[in-house]
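All remarks here apply to the structure that follows.
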Amino acid sequence: MATHQFQTEVNQLLKLIIHSMYSNKDIFLREIVSNASDALDKLKYLTVSDDAYKGIQFNPKIDISFDDKANVLVVQDSGIGMNEDDLNNNLGTIARSGTKAFMEKLTEEASKDSALIGQFGVGFYSAFMAAKKIDVYTRKAAGDGKVMHWSSDGTNSYEVDEVASDSDVAKKFGFDKPETTGSAIVMELNDDSKDYASRWKIEELIKKYSDHIAFPIYLHYDQNKYDDKGNVTETENKIDQVNSASALWKRSKSELKEEDYNEFYKTFGHDGQDPLFHVHTHAEGTQEYTTLFYVPQQAPFDMYQADYQSGVKLYVKRVFITDDDRELLPSYLRFVRGIIDSEDLPLNVSREILQQNRILDNIRTSSVKKLLSEFKKLGAEADKAKQTEEDKRSDEEKKSIEKWNKFVTAFNRPLKEGLYQDFANRDEIAEIIRFKSTDASGTGDNNWTSFADYVQRMKPDQKSIFYITGTDEKNLRENPLLKAYTAKGFEVLVLADEIDDIVIPGYGKYKDFELKAVNRAGSDEDLGGDKEEAKKKEEAFKPVVDKIKKALGEKVKEVKLSKTLTGDNPSCIVVDENDPSYQMERMMKAMGQAVPESKPILEVNGDHPILAKIKESEDEALIADVSEVLLDQALLIAGVELKSPAEFVKHLNNLLSK
């Protein structure tokens, strides 16, 4: 046998699974059966779409057998099967980049950790929670006819070899017949997992986790017959189908319970938790299709990775087509899991045809509108529940608020992308997304406000919605610019997601109200004040501004007397309305794009004592030190990394020594 070392991450993962995650071993059978179902799905599709597979007699089934004396459990499918390359790629490595994220989420709370299995593409390895050794016997459909064997005890390595088709082990699983394809997973159970080699335990787990697998699952077992004295007279080998094998999404909503939806989600979604909610739709008329979408409780680990895995499977007349088409829903809904089943698409539809297919485009458009409508409804229910005094809220109202808070916390950020991507639905999305705010309703961990709520609280003569962007909410709330607006009674949205600098300016206007960033030049015009008085003050302060501008030179675009700063805040920076923000610059540089460096506009508080030093002094060294400190302090408050912290310290020390 050829011996191979596990990929490093797999090796680490196996140790964690085997030694740390014994609290909920039951899910390993769900994962193995789910993999078998996927293998059947793939072969079913190929037999109707690929000429190389059309001659194969497709007899889909999953067989489960056990030996309670030898403590062995076997799950065999008649699906696509694997060749040697597939074994090495699928069982020797983890192709998807989720293992490190999986391990980072592990804690000592094993009961919670076990629920993570499956979310990171590691379902097969969960079998090592219950098995001390696993053997896989497999033959690939339309392949070279070889029967391959994979074996490992879950330590550091695995072995792969070819098995003769006339050998006893090949005959045991039917591989002596050339037409037999698929895989048999033979699990030698460890000492504290012997109860899985039991008819009742297997039936219980299949009913709980895999009842809605769309292929028949057969349980093979021996049933004894007894005489009147209790002696075994005969042992009969029996085969029972233990699942309903019906596509849940095709069943009427009226005959399904919440538990049915939840258990189905766990099976196909590879998630140990119940979903946050689901949306089930049957559409009839010019086009007939069914959709069943789920929103998980937590964001998928790869939600912000460029190679994220689509969570939506496409079926045509219950025939699986693909789960790798990210065009089934727009990318800002990439957290949605679910199924689209069309009655009108051709069975042999190719990916190229899918991308240009009008039927699928219509399904996608309708699905997006339905999902957004449900999200909006969820928010409206939570808002209504919040109107009830906290100590008087019903259990339903509390659940509604809790569900909405989970949804916003996990998925508000990707939904914001829709403002930028989805022009047709941007107004609908604008009603769903939420923001932090200087108002009490937008302050605190579970407090959020909407554009609509902001508008209701606006001052009578206010014409704009004010916001401030950055990367740290706490830092933004301390920004002197924001305080200048709140001091005059204006509410300001506090936007701490990096993406806000792209989507909010791109959206530009909510209904009749322009969106204005308080940390951009020109926004202070809305603060009012005596313009004549401001102009006189600006002229009187011009010599001081000129001194600072001369000292800073090319480091700034402009130096201005601030109309907003008051009290202890000596300076702040704003960005020219035509320049990218600092957050935007960082994002573009991170993406490898060349970004011309924009220079800040420094605004200074003419009433601050430190400015009086410049006004009274002709000492160029002192003016330079004060000017540099004013600029660097303003940059730090704005969350900008200083190019030379040492220079800032030097200028500060110079001032302290004088």
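Keep in mind that this is a model prediction, so the values were computed, not measured.
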Validation row, ring centre Tyr265 to ring centre His278 under 6.0 Å: no

Residue pair Leu493 / Thr449, side-chain heavy-atom distance below 4.5 Å: yes

Single hit among Asn35, Val33, Asp41 for side chain to side chain contact (heavy atoms under 4.5 Å, CB included) with Ser37: Asp41

Atom of Ser342, atom of Ile359 and distance for their closest heavy-atom approach: OG-CG2, 4.3 Å

Side-chain (Thr409) to main-chain (Lys406) donor-acceptor, under 3.5 angstrom: no

Non-hydrogen atoms of Ala382 and Ile401 that approach each other most closely: O-CG1, 3.9 Å

cation_pi(Arg337, Phe293) dist<6.0 Å, angle<=45: no

Pair Tyr261-Leu256, side chain to side chain contact (heavy atoms under 4.5 Å, CB included): steps then yes or no: CA-CA 7 Å; Tyr261 283 112; Leu256 293 170; 3.4 Å; yes

Inter-residue atom distance Gln287.CD - Tyr289.OH, 0.5 Å rounding: 7.0 Å

Donor + acceptor pair across side chains of Ser126, Arg30 (<3.5 Å): no

Among Ile468, Thr471, Leu495, Leu419, the one residue meeting side chain to side chain contact (heavy atoms under 4.5 Å, CB included) with Asp500: Leu495

Flag for Asp501-Thr469: side-chain donor and acceptor within less than 3.5 Å: yes

Value rounded to 0.5 Å, distance of NZ in Lys44 from OG in Ser49: 12.5 Å

Side-chain heavy-atom pair Tyr294, Val336 within 4.5 angstrom cut-off: no

Test log, rule side chain to side chain contact (heavy atoms under 4.5 Å, CB included), inputs Ile573 and Ile601: CA-CA 5 Å; Ile573 59 166; Ile601 296 172; over 6 Å; no

Minimum side-chain heavy-atom gap Val575-Pro600 below 4.5 Å: no

Pair Ser441, Asp439: side-chain N/O donor-acceptor within cut-off below 3.5 Å: yes

Lys/Arg N to Asp/Glu carboxylate O, Glu402 vs Lys399, below 4.0 Å: no

Modelled atom types, side-chain donor and acceptor of Gln421 and Ser331, under 3.5 Å: yes

Electrostatic pair Lys474:Glu478 at N-O distance under 4.0 angstrom: no

Tyr454 side-chain N/O to Phe466 backbone N/O, donor-acceptor pair under 3.5 Å: yes

Heavy-atom closest pair, residues Leu602 and Ala634: CD1-CB, 4.1 Å

Shortest non-hydrogen separation from Lys511 to Glu431 and the atoms involved: CE-OE2, 3.8 Å

Greater than 12 external heavy atoms within 6.0 Å of Glu255's CD: yes

Verdict with reasoning, Phe513 to Met458, per side chain to side chain contact (heavy atoms under 4.5 Å, CB included): CA-CA 11 Å; Phe513 303 100; Met458 285 172 62; 3.5 Å; yes

Heavy-atom side-chain contact between Asn412 and Trp448 under 4.5 Å: yes

Aromatic ring proximity, centroids under 6.0 angstrom, Phe264 and Phe268: yes

Ser366 side chain to Ile363 backbone, donor-acceptor under 3.5 Å: no

Where at least one partner belongs to residues 396-429, residue pairs that pass ring pair (Phe, Tyr, Trp, His ring centres under 6.0 Å), sequence neighbours excluded: Phe335-Phe411, Phe375-Phe407, Trp404-Phe407, Phe407-Phe411

Cation-pi geometry met for Lys516 and Tyr467 (6.0 Å, 45°): no

Contact check, side chains of Ile504 and Phe435, non-hydrogen atoms, under 4.5 Å: yes

Side-chain donor/acceptor of Glu428 to backbone N/O of Leu372, under 3.5 Å: no

Note, Leu333 side chain near Pro414 side chain (heavy atom, < 4.5 Å): no

Residue of the set Glu417, Gln305, Gln309 for which side-chain hydrogen bond (donor to acceptor under 3.5 Å, both in side chains) holds with Arg334: Glu417

Student check: side-chain heavy atoms of Lys403 and Glu381 closer than 4.5 Å: no

Criterion side chain to side chain contact (heavy atoms under 4.5 Å, CB included) on Arg364 and Glu327, from CA distance to verdict: CA-CA 9 Å; Arg364 169 186 155 125; Glu327 299 300 315; 4.1 Å; yes

Beyond-backbone contact of Val48 with Val316, side-chain heavy atoms, under 4.5 angstrom: no

Residues Asn362 and Thr365: side-chain donor-acceptor under 3.5 angstrom: no

Nearest-0.5 Å distance, CD of residue Glu491 to CD1 of residue Ile465: 9.5 Å

Thr438 side chain to Val494 backbone, donor-acceptor under 3.5 Å: no

Where Pro480 and Leu565 come nearest, the two heavy atoms and their spacing: CB-CD2, 3.6 Å

Flag, side chain of Ser246 to backbone of Leu248, donor-acceptor distance under 3.5 Å: no

Whether His280 side chain and Trp249 backbone form a donor-acceptor pair below 3.5 Å: yes

Heavy-atom donor-acceptor pair, Asp341 side chain to Leu314 backbone, under 3.5 Å: no

Check against salt bridge (Lys or Arg N to Asp or Glu O under 4.0 Å), Lys266 and Glu31: CA-CA 10 Å; Lys266 290 175 185 176; Glu31 294 300 313; over 6 Å; no

Closest non-hydrogen atom pair between Asn475 and Ala638, with its separation: ND2-C, 4.0 Å

Partners meeting salt bridge (Lys or Arg N to Asp or Glu O under 4.0 Å) with Asp576 (sequence neighbours left out): Lys557

Tyr53 ring center near Tyr45 ring center (under 6.0 Å): no

Evaluation steps, salt bridge (Lys or Arg N to Asp or Glu O under 4.0 Å), between Asp472 and Arg477: CA-CA 9 Å; Asp472 181 81; Arg477 289 185 181 275; over 6 Å; no

Polar side chain donor-acceptor pair, Asn425 to Asp422, under 3.5 angstrom: yes

Polar side-chain atom of Ser450 near backbone of Asp453 as donor-acceptor pair, under 3.5 Å: yes

Spatial distance of atom NZ (Lys416) from atom CD1 (Ile432) [nearest 0.5 Å]: 14.0 Å

Arg434/Asp383 ion pair, N-O < 4.0 Å: yes

Test item: Lys436 side-chain N/O and Gly444 main-chain N/O as donor-acceptor pair under 3.5 Å: yes

